[in-house]
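Data block below; observations after.
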Amino acid sequence: GICLGVMFQLHYLAAVLIVVSVLYLLKKKQMTSLIVVLAAFVLTISPQIIFELRHEFFVTNLFFKQLTQGDNIFSLSYLFFHILTSFKILSAIFLSSSKLLIGSFLAVVLFVIANVGNIQKKEPVVFLIFTIFVGFLAANLYAGSIEPHYFAIIYVPIALTFGFVVSSLYKKAQPSGGIYLLSFFLVLLFFGYFKNLDLSNTNGYTMPKGWNLPGIRKASRLVSSDADNSKNFNIAATLDGDTRAMPYRYLVTVYGKNPQNVESYPSADVIYLISRDSEDAIKSYNVWEISSFSPFTIVNSWDIQNGVKVFKLAHNPL
């Protein structure tokens, strides 16, 4: 019940797990357990309930509004496209390729059908398969674009079910040569996962090439040590889409200096820019955070790593 409450606050699609759990306990006629689970769930989300009561159900109203208005209204015309997209997403996550899932999915379905009698004796497996089915369907009923984190609620059930399938196949394949084929498949899968770890990369997860957390810290320390308390300063970055440099703002604040807010670029005395572009390219930027500060002069620059620099921009004197 506590885990369900935590997951529900992380993403509302976790409501699927609540429904599945309640149905399972009802089927088992474990009413005491059901009451305990629901009580723990309500207790865990009580801060959210209090917030809703104090703010006239603000989040709840937004949730239902999103489901009933505009492009988020469910349509059967998008369902097939969403299901295909979902298969590709799950395939990329679990099989390291968006092209392998359909064949593997059909193989698992055929295996499940062929062993339905054996599976029926294993209630946890039935619970996992039902959870996967309901979670997958719920994610695809949303009419907006399908994102990988929508399936977070079924990642663990998929992994456990896959383990059950592999274990069962090993038991069936032991007397024959099929065990070698299965082992070869698992080895290929392992190396596919290992390759996707990208251990040789010079960049951090989701970060631009050549950039990582040590670089962010180094740049932020440099800004905090150079910033003059008598002048208003701001921070911008053009390494990725976060032009307002939120990670750097946070660390600079932690290191003891306070940049202006993200609406005050034109009024700053100095802007620290994290970029790997040339000085000529910087002077011709059309991003608002920099162009609104024009005209300016690049008064200093510091190398951080892999071609990324911190540039200090100041207004041209009148």
Closest approach of [X] and [Y], non-hydrogen atoms and distance?
X: Thr131; Y: Phe127; result: OG1-O, 2.7 Å
X: Ile146; Y: Ala139; result: CD1-O, 3.5 Å
X: Val299; Y: Ala314; result: CG1-CB, 3.9 Å
X: Leu17; Y: Ser21; result: O-OG, 2.7 Å
X: Pro148; Y: Ile89; result: CA-CG2, 3.8 Å

Can you list everything that forms a side chain to side chain donor-acceptor pair (under 3.5 Å) with Thr243? Sequence neighbours excluded, please.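 Side chain to side chain donor-acceptor pair (under 3.5 Å) check on Thr243 returns Glu289.
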Look up atom [atom1] in [X] and atom [atom2] in [Y], then write down how far apart they are to the nearest 0.5 Å.
X: Ile154; Y: Leu137; atom1: CD1; atom2: CG; value: 10.5 Å
X: Arg276; Y: Ile274; atom1: CZ; atom2: CD1; value: 12.5 Å
X: Leu239; Y: Ile216; atom1: CG; atom2: CD1; value: 8.5 Å
X: Ser33; Y: Leu38; atom1: OG; atom2: CG; value: 10.5 Å
X: Lys209; Y: Asn306; atom1: NZ; atom2: CG; value: 9.5 Å
X: Leu90; Y: Ile158; atom1: CG; atom2: CD1; value: 5.0 Å

Please tell me if the side chains of [X] and [Y] come closer than 4.5 Å, counting only heavy atoms from C-beta onward.
X: Ile129; Y: Phe164; result: no
X: Ile298; Y: Ile282; result: yes
X: Phe151; Y: Asn140; result: yes
X: Tyr285; Y: Asp277; result: yes
X: Val223; Y: Phe233; result: yes
X: Ile83; Y: Phe136; result: yes
X: Gln30; Y: Tyr24; result: no

Do [X] and [Y] belong to the same hydrophobic cluster, where Ile, Leu, Val, Met, Phe, Trp and Tyr are linked whenever their side-chain heavy atoms lie under 4.5 Å apart, directly or via other members?
X: Val16; Y: Met7; result: yes
X: Phe87; Y: Leu13; result: yes
X: Leu222; Y: Leu273; result: no
X: Leu313; Y: Ile304; result: no
X: Met207; Y: Met246; result: no

If only atom types and distance count, is the side chain of [X] paired as donor or acceptor with the main-chain N or O of [Y] below 3.5 Å?
X: Arg244; Y: Arg249; value: no
X: Thr161; Y: Pro157; value: yes
X: His315; Y: Ser267; value: no
X: Asp269; Y: Asn232; value: yes
X: Lys231; Y: Val270; value: no
X: Asn61; Y: Glu56; value: yes
X: Asn300; Y: Phe311; value: no

Would the number of heavy atoms belonging to other residues, nucleotides or ligands and lying under 6.0 Å from CG of Leu186 be above 12?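 Yes, because the 6.0 Å sphere around CG of Leu186 holds more than 12 heavy atoms from other groups.
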Output, in order, the C-alpha distance, side-chain angles, deciding distance and verdict of side chain to side chain contact (heavy atoms under 4.5 Å, CB included) for Gln260 and Ile235. CA-CA 8 Å; Gln260 287 184 294; Ile235 310 172; over 6 Å; no
Please tabulate, one pair per line, all N/O donor-acceptor pairs under 3.5 Å involving side-chain atoms of residues 39-51, not counting sequence neighbours.
from	atom 1	to	atom 2	distance (Å)
Thr44	OG1	Ala40	O	2.7
Ser46	OG	Leu43	O	2.6
Gln48	NE2	Tyr12	OH	2.9

Those residues that, when tested against Asp303, pass salt bridge (Lys or Arg N to Asp or Glu O under 4.0 Å) (two or more places apart):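 With sequence neighbours excluded, Asp303 shows a salt bridge (Lys or Arg N to Asp or Glu O under 4.0 Å) to Lys309, given in chain and number order.
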Under the side-chain hydrogen bond (donor to acceptor under 3.5 Å, both in side chains) rule, what pairs show up with a residue in residues 214-223, not counting sequence neighbours?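 Residue pairs with at least one partner in residues 214-223: there are none.
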Test log, rule side chain to side chain contact (heavy atoms under 4.5 Å, CB included), inputs Trp302 and Asp226: CA-CA 11 Å; Trp302 300 268; Asp226 186 77; 3.7 Å; yes
Please write out which residues are connected to Leu160 in a hydrophobic cluster, directly or through intermediates, given that two of Ile, Leu, Val, Met, Phe, Trp, Tyr count as joined at side-chain heavy-atom separations below 4.5 angstrom.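 Noted: Leu160 shares its cluster with Leu128, Val156.
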Side chain to side chain contact (heavy atoms under 4.5 Å, CB included) between Phe293 and Asn234: does it pass, once the steps are laid out? CA-CA 10 Å; Phe293 187 68; Asn234 220 320; over 6 Å; no
Once ring-ring contact (aromatic ring centres under 6.0 Å, His included) is applied, what residue pairs with a partner in residues 243-268 remain, sequence neighbours excluded?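 ring-ring contact (aromatic ring centres under 6.0 Å, His included) check on residues 243-268 returns Tyr265-Trp288.
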